[in-house]
Amino acid sequence: MIGDVQPSARPAPVARQKSGFEWVVDRIWRFFCSVRVGIYEIIFLALLVLIGALRNSSVPQALADAVPATKPLVERWYAWDVYHSAIFMVTMTLLAIGIAIGGIINRAPGLWAAIAHPTVTTTHGFLRGADVAANATAAAAPADLAETVAGAFRDRRYRVLTAQVGEETHLYADRNRYGKLGTVPLHVALILVLVGGIVGARWGFRDTDVMVPEGSVREIGHDTGLSVRLNRFDEDYNEDGSAKTYRSNLTVLKDGQPVRDAAITVNHPLTLGDVVFYQSGFGQAVTLDIKDAQGNVLYQDALPLGEFRSKTNPDAPAALLDLPAAGISLTVIAPDDNPPNQPELDTLHLASGQMYLMVRPLGPDSPLKDPVAQVIDQGDATTFGNATVTFERERRFTVLQVARNPAIPIFLASALMLTGGILMVFAFPHRRIRGIIGPNGAGGSRLALAPMAKRDWAGQRAFEEMVDRLEADLGLPMERSARAESA
Amino acid sequence: MQALVMLSFYSFAAASIAYVLSAICYVVYAVGRVRVRRTSLATGNGPAIVGTSASLEPTGPAIGQFATMLAWFGVVFQGISLVLRTLAAGHPPLSNMYEFSSTFVFLVGLVYLLFERHYGVRQLGAIVLPVTVAMIAYVWSLPAYLREVNPLIPALQNNPMMTFHVSMAILAYSTFAVAFAAAVLYLVKVRWNVSWLPSAALLDDLGFRAVTIGFPAMALVLILGSVWAYQAWGTYWSWDPKEAAALFTWLIYGVYLHTRTLRGWRGSRSAIILLVGFAAVVFTYYGNYVFGGLHAYGGV
């Protein structure tokens, strides 16, 4: 069906003096609708992202080495947490508002109008001035030719709208008109990413270093009522000594009752409700039994090694444990785990199965006056002040990340909308052709067509292909014209 | 397995030769041939040469066709190389810079040839193929141990995500390389008005079309990377420098598209943004040399 459209006569709007408030609102609206401002914001955001990326690289240091005068600047660069800075947040906020107002709210009505109610009439000036055009004459009457041409366009999946202006029929044909709407989900998706980030940060949690030794239980907290026990830790190595795989066999407990047994590896986390357990790392732990003089247990668990390192030997994993009840602070240092590297730093010379213990006084009531140090073998016990420390055994510990992110559905929705929106926009470009069919003064009719594709090579090519098909379909010789290229 | 690795490398060597010869032919085809004219003056004792002048003129189509044929040889040999390496490793060759760059060499050649076929423009090869040859030289310069098939580290032991995430990155980089070539030729065309280069409008559109493939591909890189990061590291986004560099690149091409579609930018200004965008691609590609962070296992 050809949709006949009559040009509408609308009353001219009457200008009215704006109030000061209206003026301010109008200015703010225009600011956020401005494409130019939006582009500047994207460029500025890109620069901030670049500065942040380089901050985590060796580039600033290389700059400082090459130009010593830049050293203070480089130090500030390294110290600046770009992605959490006020300027970054402000830029993101302005961009998000600009996307919402300028990219969606202000643009959507115009997009819909262009799709649903395009201007059908055109001018001979447009057809003459187009970069490419096609003209033909036919013996048929103008109305018949218009019907035939419109049918040929429809056969090629074009929508055709016509309007009668005097003796002439004005024709508008377009294809892929809904592709333009892809810009809406695309921009909504960008806002959803930001919303998801806020939701995740506000209502989620992410603990990155949950260390659980074999046989031990750790509370997850965050009002989840969950705790996790590491039943066994397995690891496998390649011939070159690199980790091939490592696996934590866990039991998750809810209010102290086991609710799920699972083995997790990197890339294969455990999801329990909305809480996810990720395999992050692993290491050695030392199981200690510490009692006071009355035999009361002060500590009886595995203490992960590696969270700290010896001050004098970075290759020696260490652990710290404060025992306020006993008035002491315990430092444990394990044997050097990379002896060939800087062997001169390994002054403790610990053998496998040995630990170096140093106890410092903690608080004014500490029974110790001065720090005391001792090397202890596995299975042995030693007394510091009122506390007796037994080094029971070494064990493995796993490092888990535990997270709850209520924004996951938001992120997934935004990913789908972003992908779908981009594909709609770019895979289905809007092709538009205008034309006028009128009498040629000799009892027949003449046809003039031109695409709305100024400086658009692909649009012009699509038009030329359409003209070729019209020629073939209608048996109508078309005279093509093209303006000389202006670079 | 070792035999497959060796065969893969030999096939890469064959592809290298084909690409180098193809690049030479494309450059000759695009630049044209030097024509020397001798000016002679007749004298009483017969003609005497008094001077010469040289000018560039378009070559015939044969050398262009030969360049295309060699490029296809390169793509086929490199494709065979990748298949053999996949069979040897048990996973697509995407896990270190040798494998990543080898796949890039394949895909950039293929993407370029598809564009050449669609647009019928051979001169673009004079930029794309030298870029490919530079990448081949880089692959040859990498330490020999990277040519061996090594077990994947635990973080990379996710074949579907590694395949889609990394392949999309290579596809995006390849199309951006084509857009870069179109931008360079556009600037040459409008600056020196080289008559036998394609029309400026075509080059301008070609660059745009390449970006309309690369930009969604780069978006998918970020999306798939986020999904994988969530599975492996427990967070969608951690502002890892490689992530940030990829986002930076995507934003630059976002600026290109916005200026073009909403501000009507065409021509030289758009071409310059494409040059900046490709510089961002190079920065992201080789960022592993200067970045730490979660992507620092690239084997460089």
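Values in this document were obtained by computation on a predicted structure and should not be read as measured data. Hydrogens, waters and symmetry mates are skipped; everything else that's a heavy atom, side chains included, is used. Proteins come first, then strands; the chains are lettered A, B, ... in the order of their sequence lines, and each starts at number 1.
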Heavy-atom side-chain contact between B/Y236 and A/N405 under 4.5 Å: yes
Residue A/F205 excluded, over 12 heavy atoms near CZ under 6.0 Å: yes
Mutual orientation of the aromatic rings belonging to B/W239 and A/Y83 [parallel < 30°, tilted 30-60°, perpendicular > 60°]: parallel
Salt-bridge contact B/R209-A/D456 (side-chain N to carboxylate O under 4.0 Å): yes
Counterpart residues, salt bridge (Lys or Arg N to Asp or Glu O under 4.0 Å), relative to B/E148 (two or more places apart): none
Residue pair A/V276 / B/Y230, side-chain heavy-atom distance below 4.5 Å: yes
Partner chain B: residue of A/R461, A/H268, A/Q460 with the largest heavy-atom pair count (under 4.5 Å): A/R461
Part of B/W250 within contact of chain A (heavy atom distance under 4.5 Å): side chain
Most contacts with chain A, counted as non-hydrogen pairs under 4.5 angstrom, among B/A245, B/A232, B/G267: B/A232
Ring centroid separation B/Y119 to A/W457 under 6.0 Å: yes
Heavy-atom pair with the smallest gap, counting every atom of B/P241 and A/A53: CB-O, 3.7 Å
N/O donor-acceptor pair under 3.5 Å between A/N56 side chain and B/D240 backbone: no
Residues, nucleotides or ligands: over 12 heavy atoms within 6.0 Å of B/F164 CZ: no
Evaluation steps, side chain to side chain contact (heavy atoms under 4.5 Å, CB included), between A/N267 and B/W233: CA-CA 8 Å; A/N267 278 307; B/W233 301 328; over 6 Å; no
Top contributor to chain A interface from B/L152, B/L222, B/D205 [non-hydrogen pairs under 4.5 Å]: B/D205
Residue selection (most heavy-atom pairs with chain B, distance under 4.5 Å) from A/R55, A/Q61, A/R107: A/R107
A/R247 versus chain B, the contacting section by heavy-atom distance below 4.5 Å: neither
Proximity of residues 35-52 of chain A to chain B, residues having a non-hydrogen atom under 4.5 angstrom: A/V35, A/R36, A/I39, A/I42, A/I43, A/L45, A/A46, A/V49, A/L50
B/Q231 versus A/Y278, closest heavy-atom pair with distance: O-CD2, 3.6 Å
Between CG on residue A/L412 and CD1 on residue B/I223, distance to nearest 0.5 Å: 10.5 Å
Distance-minimising heavy-atom pair for B/H258 and A/H187: NE2-NE2, 3.8 Å
Polar side-chain atom of A/Q401 near backbone of B/T235 as donor-acceptor pair, under 3.5 Å: no
Student check: side-chain heavy atoms of B/F215 and A/F426 closer than 4.5 Å: yes
Residue selection (most heavy-atom pairs with chain B, distance under 4.5 Å) from A/T245, A/V402, A/T419: A/T419
Heavy-atom pair count under 4.5 Å with chain B, highest-scoring of A/V193, A/L418, A/T208: A/L418
Pairs of heavy atoms under 4.5 Å with chain A: top-ranked of B/L257, B/T261, B/L206, B/V227: B/L257
